[in-house]
Structures are given as structure tokens and as C-alpha cells.
Amino acid sequence: MQLHYAEEVRDALAEGRPVVALESTVISHGLPFPHNAEIAANMQSAIRAEGAVPATIAVLGGKIHVGLSDEQIHHLATAPDIRKCSRRDFSIAVGLKQDAATTVAGTMIVAHQAGIRVFATGGIGGVHRGHPFDVSADLIELGRTPVAVVCAGAKSILDLPLTLEVLETQGVPVLAYGADTFPSFYTRESGLAVDERIDTPQQAADIIHASLSLGLGHGVLIAVPVAPEYEMHAAQAEEAIQQAVAEADAQGIHGKDVTPFILSRMGELTDGQARATNTALLQNNARIGGQIAVALSARDA
Ligand code: PSU
Ligand code: MN
């Protein structure tokens, strides 16, 4: 896979300094402009503040980029025709020289090729409620690509018990960071068990290091609950989710359009509260991803 590196990212990787990958679907399909461009910049700053280098990943004109300029991020944040890129989409986007924003699955593939071991985002895809065969490519990628993904769990727009079952089948260790249960994105708890609770970046680094030395080839999922002051009321979140899911079904939205549709309806139905929660957890995950990447690099030294 031929990659085009931002200079800062290339230097950091060559010198063994910590790097954190960031996805671009959250910019193109996850949040409206200008929130998407702002949060992309804030996530990069949060990673730098921890002493790591951010590497946002996307396909531009068919070239796979690791580390983007502000102009490139602005383009992804505003252009109407960006392809959403998971594993199956790379050949099309590269072959036809398209612009494409990488999902969790797509970002993991590129991060691994680049030698980046830690990736921070908001939520992973999962198994859709009422559609047990709509299984996000993110879950399969976590089973086959050795990158640690720091997220706030999965949105309860998904079927969380089934999502965790698929992760188990795929052989993915699921860790809750500073919590006892799997977080459900808008709220801190789902009541669902994880494989282990961890409380420090060092513990995360120890597990990532072990998984890489064991060579089992799978990723690691590190789920960080949103800070209590930004958590949504569970009943408010649930009501909006049920309405958004019902509308998606009624309008015949399917495939890769389901998640962007529901995300945007959640913002509208909750008067922006869902967006405020989303913004807070994205920045927090970038910060913790930075800390984990620093701990992992220190372990190499
Ligand atoms: N969940 C979010 N925000 C997002 C996504 C998921 O809270 O932006 C995006 C991520 O890029 C994720 C993708 O990888 O949606 C999953 O899409 P699908 O369900 O089509 O696999
Ligand atoms: Mn899907």
C-alpha cells in the first residue's frame, strides 16, 4: 500500500515518537460543518498536548494520506461527495482517484500499514438494532488488524449486546477505561460486561504491547466513558434513538447511509445535546489516545 505522509508524521514515525491515528468519516459524515472542522482541529491539539503527533487519515484524489493539512481537513468537512471508505472501498477510491473518508475499519487498515498502533475516535460501528445482519465492517477489522482503538463505546443506536457478541467471536479484547461496564457513547454505562477494567495509560500500553508480541493479529478496543458533566440523560438519548431508528426504517435508509442518517437526526432531535456530548467525548478520547501512545513509546525505549 503506497502511503503519502505529512512531514511531521513521517519524522515522528522514523524517530519512534508517539503517533495517534484519527479517522475522517467523523469529519465528512459524522458531524455538520463547522463543528466537524473545529472538532478535528481540537482532537489534533489534544493529542499534541500529550506529546504525541496526530495523523488524520483519508484518501484524496486516489492517494492515501497519513496526516492532513488544515486545507485538506476543510475540504473533507465541506465537500458534498466524499465516499465513506471501509475495507471494500479502497480499491474503488484509489482506482478511480476519488476522495474518500476512512471509517474506523478503513483507518485501522492504513494505520497498521503506517506502523501506527493507537487510534482515537468517537464511536465504533456495530450491529444495527432490528437488523442483525447489518454488522459494521469495523467489528471484523478489529478481529484482523492489530491497532488499538480508543472510543466511547458504541452508540445505543446499535444493538450493544449483539455488538459485544460479534467482538467476542472475532477475538477482540474489550477494555473499559476507568469504568466497570461498556460505555454506550451518549451515556457512561450500558450495564454490559467487558473483558477487563483498566485505569491507566500504562495498563493499556501493557496490553497493547502483549497483543503485538503474541502476534495474534487482532486489535484491542479501549472504551472510555464520556465525562459525567457531558453525559446525556439516558431516557432522552433513548427516546431520540428510537425515533431516529424508526425514521431510518420508514424511509428505507440502508447500508452505509444508516449511521450518518441517524447521527444527523440525533443532533436535530436533541437540540444539539447529542452533538455537545459527541464533541466532548471525541476530544477526551484524543487526549487519552495521546497518553496511551506516549506510554507505549516509553515502553519501547
Ligand atoms: N459512530 C459515531 N460516529 C461516526 C461513526 C460511527 O458515533 O462518525 C462512523 C465511523 O467512521 C464508523 C462508521 O467507523 O460510522 C461505521 O459505519 P457503518 O455502521 O456503516 O459500518
Ligand atoms: Mn452497516
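Positions are given from 1, in the same order as the sequence printed here. Numbering of ligands and ligand atoms starts at 1, following listing order.
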Element-labelled atoms of ligand 1 that are located less than 4.0 Å from some non-hydrogen atom of D138: 12 (C), 14 (O), 16 (C)
R83, Q98, K84 screened by side-chain hydrogen bond (donor to acceptor under 3.5 Å, both in side chains) with D89, the one that passes: R83
N or O contact, V104 vs ligand 1, cut-off under 3.5 Å: yes
Protein contact of atom 7 (O) of ligand 1 - nearest heavy atom, named by residue and atom, plus distance: K155 NZ, 2.1 Å
Lys/Arg-Asp/Glu bridge criterion (N-O < 4.0 Å) met for R10, E7: no
Atoms in ligand 1 flagged as close to V26, the criterion being non-hydrogen separation under 4.0 Å: 8 (O)
Donor-acceptor contact below 3.5 Å, side chain D138 vs main chain G125: yes
Close approach, H128 and ligand 1, non-hydrogen under 4.0 angstrom: yes
Residue, atom name and distance, where the atom is the protein heavy atom closest to atom 1 (N) of ligand 1: G123 O, 3.5 Å
Name, closest N/O/S atom of D134 to the Mn ion (ligand 2): OD1
Closest protein heavy atom (residue, atom, distance) for atom 17 (O) of ligand 1: K84 NZ, 3.1 Å
Under 4.0 Å to a heavy atom of S136 - the qualifying atoms of ligand 1, by number: 18 (P), 21 (O)
Shortest protein contact, atom 15 (O) of ligand 1 (heavy atom only): T259 CG2, 3.6 Å
From V20, V66, V110, V147, residue fulfilling side chain to side chain contact (heavy atoms under 4.5 Å, CB included) relative to I116: V66
Polar side chain donor-acceptor pair, Q243 to E247, under 3.5 angstrom: yes
salt_bridge(R17, E8) N-O dist < 4.0 Å: no
Heavy atoms of other groups near H254 NE2, more than 12 under 6.0 Å: no
Ligand-residue contact atoms, ligand 1 with T25, heavy atoms, under 4.0 Å: 11 (O)
Option of least heavy-atom distance to atom 11 (O) of ligand 1 (set: E23, K256, M266): E23
Ligand-residue contact atoms, ligand 1 with F185, heavy atoms, under 4.0 Å: 7 (O)
E15 CD: over 12 foreign heavy atoms closer than 6.0 Å: yes
Short side-chain to backbone donor-acceptor contact, T25 and H29, under 3.5 Å: no
Proximal ligand 1 atoms for L263, defined as those under 4.0 Å from one of its heavy atoms: 2 (C), 3 (N), 4 (C), 7 (O), 8 (O)
